[in-house]
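The structure appears right after this line, and notes come after that.
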Amino acid sequence: MKNIVVLVSGGGTNLQALIDAEKRGDIKGGKITCVISSKADAYALERAKQNGIKTVTLVRKDFPDVHEYSKAMLETLKNEHADLVVYAGFMTILDETVCRAYPNKMMNVHPALIPSFCGKGFYGLHVHEAVLEKGVKVTGATVHFVTEVCDGGPIILQDTVPVLNGDTPEILQKRVMENVEWKILPKAVALFCEDKIRVENGRAYVDE
Ligand code: GAR
């Protein structure tokens, strides 16, 4: 059984999608064993507690710099014997020691079609604002492995939704979450736990 550790900072709807998938039996070979939050008041923590999942809170401002924060994160991940680390709306920067310790064992869900609308400054609602500003007609979400390059790691799964006249960032965010994020993140986690994701020459392949 692989130990899945989920990193959160906010509402935790993606965490909920993972919890629901696990409950349905869709994540064979894996179990969410710990949720780590970078915010003490994240509702995601409540969701974890309601489901009997261990929680740890690591607040960035309690540490002098990003390196000390990353050290604490690494220590926690090691203590939890993490086999897979999932960024599910985790908004705090870690240094490269963390992703180097978990090569192709750390995944992130990003609310756009990478390589568009990603990288520094593209997170949460800002992504959907930029999508509407540009006027693209299709958007979506991406699950990818985490590397030292922000949003630049091997792409595991993507799917799309249309951008419609009259969309606001909030409406678009909801469409992307409901139709894509809450589906592809649990699917990618399930595939990982069944050893169905291969990475070769920087590209991820799914063996279904
Ligand atoms: C999600 O839309 C996720 O894709 C995004 O933040 C939201 C978190 O929602 N993540 C990023 O923008 C990371 N770059 P949630 O807390 O309800 O899962």
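Heavy-atom basis, side chains included; hydrogens, waters and symmetry copies ignored. Keep in mind that this is a model prediction, so the values were computed, not measured. Nothing fancy with the numbering, it's 1 onward along the sequence. Counting starts at 1 for both ligands and their atoms, in listed order.
Near G124, with a cut-off below 4.0 Å to any heavy atom, the atoms of ligand 1 are 11 (C), 12 (O). Less than 4.0 angstrom separates some heavy atom of E181 from each of these atoms of ligand 1: 1 (C), 2 (O), 3 (C), 4 (O). Distances below 4.0 Å separate heavy atoms of N14 from the following atoms of ligand 1: 1 (C), 18 (O). Residue M177 has at least one heavy-atom neighbour below 4.0 Å for each of these atoms of ligand 1: 1 (C), 2 (O), 7 (C), 9 (O), 17 (O).
Residue contact check for ligand 1: V109 places a non-hydrogen atom closer than 4.0 Å to it. Ligand 1 has F122 within reach: a non-hydrogen atom of the residue lies less than 4.0 Å from it. The closest approach between A44 and ligand 1 stays at or above 4.0 Å for every heavy atom of the residue.
Taking 4.0 Å as the cut-off between side-chain N and carboxylate O, E178 and K183 do not count as a salt-bridged pair. Electrostatic pairing of K105 and D83 does not count as a salt bridge here, judged by no charged N lying under 4.0 Å from a carboxylate O. Under a 4.0 Å N-O distance rule, the pair D41/K39 does not qualify as a salt bridge. Ion pairing between a basic and an acidic side chain is recognised when a charged N comes within 4.0 Å of a carboxylate O; D167 and R175 show such pairing.
Atom 8 (C) of ligand 1 has G89 CA, 3.6 Å as its closest protein atom, hydrogens excluded (heavy atom only).
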